[in-house]
*Asks:* 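Here's a structure for you.
Basis for what follows: all heavy atoms, side chains included, without hydrogens, waters or symmetry-related copies. Just so you know, residue 1 is the first one in the sequence shown, and it goes up from there.
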Amino acid sequence: MRRAYYQNKLKLALIGQSLFGQEVYTNLRKQGHKVVGVFTVPDKDGKADPLAVVAEKEGTPVFKFPRWRVKGKPIPEVVEAYKAVGAELNVMPFCSQFIPMNVIGFPKHGSIIYHPSVLPRHRGASAINWTLIEGDKKAGFSIFWADDGLDTGPILLQKECPVEPNDTVDTLYNRFLFPEGIKAMVEAVQLIADGKAPKIPQSEEGASYEGIQKKSNAKVNMAQPAEVIHNWIRGHDKVPGAWVVIDGKPVTLYSSSMLSGSLPAGQPIEVEGASHPGLIAKSGLILFGSDGKALQVKNLQFEDRKMIPASKYFSSDEAASLDLTDDEKKMAEEIRAIWKGILSNVPVIDDTTDFFKSGAASMDVVRLVEEVKQKCGGVQLQNEDVYMATSFQSFIQMFVRRLRGEDQEEELVIDYVTKDVNNMTVKMPYQCFINGNFEDAEDGKTYSTVNPTDGSVICKVSYASVADVDRAVSAAKEAFDNGPWGKMNPRDRGRLLYRLADLMEEHQEELATIETIDSGAVYTLALKTHVGMSIQTFRYFAGWCDKIQVCVCVAQRYPSISVCAIVIPWNYPLMMLAWKSAACLAAGNTLVLKPAQVTPLTALKFAELTVKAGIPNGVINIVPGSGGLVGQRMSDHPDIRKLGFTGSTPIGKQIMKSCAVSNLKKVSLELGGKSPLIIFSDCDMDKAVRMGMSSVYFNKGENCIAAGRLFVEESIHDEYIRRVVEEIKKMKTGDPLDRSTDHGPQNHKAHLDKLVEYCELGVKEGATLVYGGRQVDRQGFFMEPTVFTDVEDHMFIAKEESFGPVMVVSKFKDGDVDGVLSRANNTEFGLASGVFTRDINKAMYVSERLEAGTVFVNTYNKTDVAAPFGGFKQSGFGKDLGEEALHEYLRTKAVMVEY
């Protein structure tokens with residue numbers, strides 16, 4: 001077997017550098033190829049290149065030549081050292097040095113080079129930049145056979161990808177050129193080993209060569225269409241930086257995107273060469289092209305290298321504009337030296353240096369915090385401060401403000417709807433929440449959310465479009481790929497979730513009030529369950545953040561999937577948000593969440609609290625709107641890798657189909673139910689009546705695990721029904737904010753109408769309507785608590801859930817345990833079930849045979865944050881709550897290692 005493993009493998013010389021080179025090296029070795037020598041750049045400031053680090057660790061010969069030639073001639077001793085390793089092929093994944101032709105052509109198979117463009121287009125060292133500058137609709141890379149020209153050798157293989165409208169050099173590289181390039185280099189080497197590698201001459205048709213841009217050449221020509229300007233800016237992003245003249249001074253522009261939708265309000269600003277003044281708006285600097293279309297720029301950098309958010313250009317108190325005292329400047333330089341000591345591979349620590357993009361890891365965060373605290377005593381810093389201020393400039397500004405006691409974060413700008421209700425003033429956000437900001441829907445559309453107690457409109461809420469979903473997903477992907485959330489130590493992530501839970505607790509009365517007026521939940525229940533359990537859920541999963549296990553050499557569970565979508569129902573708006581999003585976030589994912597169209601307000605209030613908790617921008621995004629539009633786009637979106645849904649079975653099936661067709665998303669579904677509750681004659685009657693009523697009427701019957709059908713043993717049936725009706729008559733139906741109310745309004749008018757139709761059908765089929773069955777004669781969407789008896793197995797109300805306050809009762813013969821079990825399991829649903837009996841053996845016998853995800857014994861509705869929750873059959877699959885819920889948001893990978 002070992003001889004077969006090494007069949008058609010080559011001896012390779014790897015010539016190059018960088019993380020890309022490191023990954024190519026590692027993957028080639030995994031495929032069984034032998035790397036006989038690594039030729040890379042010398043150490044910088046005592047720190048080796050990543051390729052050298054891994055090669056030296058594995059005992060591969062490593063050569064660090066400063067140069068290969070002098071005055072155009074090869075250095076003999078360098079060439080001889082290279083030839084001595086006996087390579088059959090040179091692999092050059094990324095190489096900044098000039099390699100002599102007597103090295104390029106020496107091996108049996110010659111040399112192959114990776115180039116980040118689809119040759120012959122964009123030859124030269126700035127290929128990715130020019131792909132964007134030229135507005136190419138596709139990008140890609142080529143692996144070609146080296147010759148004596150500049151990127152002119154025959155093509156071995158090429159791969160392409162679309163260029164997204166707002167792609168940057170970084171997003172293109174991270175999304176496609178880096179991961180797919182590594183795979184392609186390995187594929188190319190194997191093709192050569194197998195004798196199947198083509199040599200396709202490059203055509204000169206369409207060939208182009210562009211040199212490295214200089215700052216002096218990067219000025220923006222404003223007399224062009226907006227898209228051309230946008231391409232120029234993003235193609236020059238970071239290095240060397242496109243610039244314009246504002247107020248007579250050169251200003252470099254970073255993070256450009258095309259502006260769609262309505263033009264935001266802003267303060268005019270003169271931009272040299274532009275036909276129309278720019279605008280400083282909340283979203284950034286708005287620039288106009290010659291075609292009248294607009295683009296926006298997020299960040300600006302001045303000649304002194306200070307960078308600020310473009311939206312803060314006119315803000316005299318912006319952190320980036322702080323004037324430092326002499327003592328503060330001295331401290332800043334001391335901190336710069338600390339950064340330099342940690343980031344020894346970075347030649348110069350300037351204002352734009354990013355701590356994590358420069359290679360820092362979680363241990364470096366601890367070192368930075370402790371060194372700064374030691375050097376500058378009296379300043380309180382925490383690890384998350386580094387994650388929230390990742391550039392050197394932002395870190396210094398944060399530090400100085402902390403030193404001065406001016407470290408209060410800028411208050412989030414929110415256009416609240418306020419209402420005086422429940423003896424308090426509640427402040428409710430109503431816009432989409434995307435990338436840390438509340439924004440109108442791109443097309444400006446809104447819809448009304450209604451108070452079910454009286455049918456009045458609470459407020460207008462943004463009605464998200466497909467474009468809004470795309471923006472939210474883009475923000476979540478950026479936050480996952482490049483933001484602090486994914487780099488954060490899990491324990492620090494847990495601290496943020498604990499902080500969020502604390503804020504939810506501080507605002508629990510306000511959250512419960514909003515939940516009541518938006519969903520109709522009785523306030524006392526909203527406070528205890530809707531909000532109370534939400535807080536418990538976040539605290540539970542916050543504790544899990546640093547306990548997700550990694551088992552080396554056997555199996556490794558990655559603590560994240562990527563961007564997840566969450567679609568929640570209207571019966572428990574905040575609690576369903578918590579059940580899914582807490583596990584998702586604890587596992588390290590980012591998310592886009594769609595609240596139910598009829599109950600968006602607590603989700604948007606929650607979004608406000610996430611900002612106050614310090615959750616980084618883009619980690620959580622909330623887009624209210626319709627399921628057919630927003631939910632469907634989530635199901636179809638190629639960048640979403642997991643979707644969690646709670647709702648009806650038909651919609652769940654459609655979501656599952658869309659997720660499969662789009663990109664085979666991981667899916668978890670908590671769907672409909674028709675939960676059976678079996679009450680035996682040997683039960684505790686008082687408890688069975690009390691809990692049986694709770695199983696049906698809890699939360700107005702709008703409860704996914706509600707007992708959809710009660711089976712009562714014949715000998716106690718009549719007494720049981722009599723006592724239930726007696727208790728119903730004592731229930732108070734009315735204003736859910738009244739603390740004495742037992743039964744509030746149904747969630748919305750359409751649902752109330754369906755409940756009335758459900759009861760009418762039950763009567764028509766021959767069931768006995770013992771109590772209720774009608775809409776309450778009062779303002780609002782109130783339904784009478786209802787009881788049906790004599791319900792036969794074939795009836796519609798025996799098979800389909802009402803999702804309302806309707807008790808459906810069938811009797812069964814005394815002692816017929818197996819018969820009632822057969823009837824209870826004769827359903828396509830299997831979410832929950834229950835049994836009441838004093839006989840523990842009978843209880844265990846029945847619970848083992850009930851086909852449901854949860855079985856309640858002598859209780860009901862008793863969920864716990866540590867107990868997994870989910871259904872069988874057409875009630876869905878996957879779990880919320882407990883450790884099992886984490887598995888829904890993690891990937892498991894087996895890693896087998898032989899030493």
Side-chain angles (χ1 to χ4, degrees), residues 15-21 24 39-41 67-69 72 90-101 103-105 110-163 167-178 180-182 184-185 188 199-221 228 230-243:
I15 304 175
Q17 62 206 73
S18 77
L19 286 171
F20 186 72
V24 171
F39 299 84
T40 188
V41 294
R67 61 190 63 83
W68 290 71
R69 57 185 190 173
N90 291 333
V91 178
M92 302 168 68
F94 172 73
C95 182
S96 62
Q97 297 176 312
F98 289 99
I99 310 301
M101 282 307 299
V103 171
I104 294 290
S111 302
I112 59 170
I113 302 177
Y114 170 91
H115 184 78
S117 79
V118 182
L119 292 172
R121 188 161 174 78
H122 303 311
R123 294 169 178 165
S126 300
I128 312 176
N129 305 74
W130 283 100
T131 297
L132 296 173
I133 292 169
E134 294 291 328
D136 293 359
K137 299 304 181 186
K138 65 179 181 181
F141 57 80
S142 306
I143 297 173
F144 67 95
W145 300 90
D147 63 5
D148 58 358
L150 183 60
D151 304 331
T152 57
I155 301 298
L156 195 160
L157 64 81
Q158 292 180 318
K159 294 195 176 181
E160 299 177 357
C161 72
V163 177
D167 262 333
T168 63
V169 171
D170 284 347
T171 60
L172 266 179
Y173 187 71
N174 293 331
R175 184 180 81 242
F176 185 79
L177 300 176
F178 183 88
E180 296 303 319
I182 293 163
M185 287 297 284
K199 290 187 177 182
I200 304 169
Q202 286 194 39
S203 170
E204 288 305 308
E205 183 178 348
S208 63
Y209 171 81
E210 299 94 3
I212 298 174
Q213 280 289 87
K214 297 180 180 179
K215 188 76 174 183
S216 57
N217 299 329
K219 185 177 180 181
V220 180
N221 177 3
V228 176
H230 164 59
N231 290 336
W232 183 264
I233 295 171
R234 63 176 176 154
H236 288 84
D237 210 311
K238 304 301 180 192
V239 180
W243 57 279

*Asks:* Taking T131 for the side chain and A127 for the main chain, is one N or O donor matched with an acceptor at less than 3.5 Å?
*Replies:* yes
*Asks:* Determine, stepwise, if the pair L157 / F141 fulfils side chain to side chain contact (heavy atoms under 4.5 Å, CB included).
*Replies:* CA-CA 9 Å; L157 64 81; F141 57 80; 4.3 Å; yes
*Asks:* Would a 4.5 Å heavy-atom cut-off, applied to side chains only, mark V220 and I233 as touching?
*Replies:* yes
*Asks:* Could you pull out the closest heavy-atom pair between G140 and V118, with the gap in Å?
*Replies:*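 For G140 versus V118, the nearest heavy atoms are CA-CG2, 3.8 Å.
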*Asks:* Do the side-chain N and O atoms of Q158 and S142 include a donor-acceptor pair separated by under 3.5 angstrom?
*Replies:* yes
*Asks:* NE2 of H236 to NZ of K219: how many Å apart, nearest 0.5 Å?
*Replies:*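 Between atom NE2 of H236 and atom NZ of K219 there are 13.5 Å.
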*Asks:* Which is it for Y114 and F94 under the side chain to side chain contact (heavy atoms under 4.5 Å, CB included) test, yes or no, and what are the steps along the way?
*Replies:* CA-CA 7 Å; Y114 170 91; F94 172 73; 5.9 Å; no
*Asks:* Can you check side chain to side chain contact (heavy atoms under 4.5 Å, CB included) on N231 and I133, steps first, answer last?
*Replies:* CA-CA 5 Å; N231 290 336; I133 292 169; 5.7 Å; no
*Asks:* The test is side chain to side chain contact (heavy atoms under 4.5 Å, CB included); show your working for V91 and I15 and say whether it passes.
*Replies:* CA-CA 6 Å; V91 178; I15 304 175; over 6 Å; no
*Asks:* To the nearest 0.5 Å, tell me how far N90 CG sits from M92 CE.
*Replies:*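 The distance works out to 7.0 Å.
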*Asks:* Distance-only, no hydrogens or angles: does the T40 side chain make a donor-acceptor pair with backbone N or O of G16 under 3.5 Å?
*Replies:* yes
*Asks:* Side chains of S126 and E210: do they bring a donor and an acceptor to under 3.5 Å?
*Replies:* no
*Asks:* Measure across C161 and L172 and return the closest heavy-atom pair with its distance rounded to 0.1 Å.
*Replies:* SG-CD2, 4.0 Å
*Asks:* Using atom types as modelled and distance alone, determine if a side-chain donor or acceptor of W232 lies under 3.5 Å from a backbone N or O of A218.
*Replies:*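 The answer is yes, because a donor-acceptor pair under 3.5 Å joins these two groups.
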*Asks:* I need the H115 NE2 to L150 CG distance, nearest 0.5 Å.
*Replies:*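 That separation rounds to 8.0 Å.
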*Asks:* With sequence neighbours excluded, tell me which residues meet ring-ring contact (aromatic ring centres under 6.0 Å, His included) with Y173.
*Replies:* F178
*Asks:* Quick one: closest heavy-atom pair of L177 and F20, and the distance?
*Replies:*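 Scanning both residues, the minimum pair turns out to be O-CE1, 4.0 Å.
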*Asks:* For S117, is there any backbone N or O sitting under 3.5 Å from a side-chain donor or acceptor partner on W130?
*Replies:*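 Such a contact is absent between W130 side chain and S117 backbone.
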*Asks:* Looking at every non-hydrogen atom in both residues, tell me the closest pair between A146 and I113 and how far apart they are.
*Replies:*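 It is CB-CD1, 3.5 Å.
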*Asks:* Shortest non-hydrogen contact from S111 to V103?
*Replies:*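 So the two residues come closest at OG-O, 4.3 Å.
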*Asks:* Regarding N129 and H122, is there a side-chain donor-to-acceptor distance under 3.5 Å anywhere?
*Replies:* no
*Asks:* Quick one: CG on L119 to OG on S203, what's the gap to the nearest 0.5 Å?
*Replies:*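 Going from CG on L119 over to OG on S203, the span is 11.5 Å.
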*Asks:* Minimum heavy-atom separation for L132 and T168, please, with both atom names.
*Replies:*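 Result for this residue pair: CD1-C, 3.6 Å.
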*Asks:* Measure the spacing between OG1 of T171 and CD1 of I128 and express it to the nearest 0.5 Å.
*Replies:* 10.0 Å
*Asks:* Name all residues meeting the ring-ring contact (aromatic ring centres under 6.0 Å, His included) criterion together with W68; count only those two or more places apart in sequence or in a different chain, and write none if there are none.
*Replies:* F39, F65
*Asks:* Enumerate the salt bridge (charged side-chain N to carboxylate O under 4.0 Å, His left out) contacts for residues 123-134, please, sequence neighbours excluded, ordered by first and then second residue.
*Replies:* R123-E204
*Asks:* If I take atom CH2 from residue W243 and atom NZ from residue K215, how far apart are they, to the nearest 0.5 angstrom?
*Replies:*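 The CH2 atom of W243 sits 8.5 Å away from the NZ atom of K215.
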*Asks:* Is there a side-chain contact between D167 and R234 in this structure, where contact means two heavy atoms from C-beta onward sitting under 4.5 Å apart?
*Replies:*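 In short, these two side chains touch, coming nearer than 4.5 Å.
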*Asks:* Which salt bridge (charged side-chain N to carboxylate O under 4.0 Å, His left out) pairs, counting each pair once, include a residue from residues 137-148, with sequence neighbours left out?
*Replies:*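 Applying salt bridge (charged side-chain N to carboxylate O under 4.0 Å, His left out) to every pair that reaches into residues 137-148, excluding sequence neighbours, yields K137-E227, K138-E160.
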*Asks:* Who are the ring-ring contact (aromatic ring centres under 6.0 Å, His included) partners of F144, not counting sequence neighbours?
*Replies:*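 By the ring-ring contact (aromatic ring centres under 6.0 Å, His included) rule, F144 matches no residue at all.
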*Asks:* What pairs with K199 under salt bridge (Lys or Arg N to Asp or Glu O under 4.0 Å), at least two apart in sequence or on another chain?
*Replies:*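 Salt bridge (Lys or Arg N to Asp or Glu O under 4.0 Å) check on K199 returns nothing, list empty.
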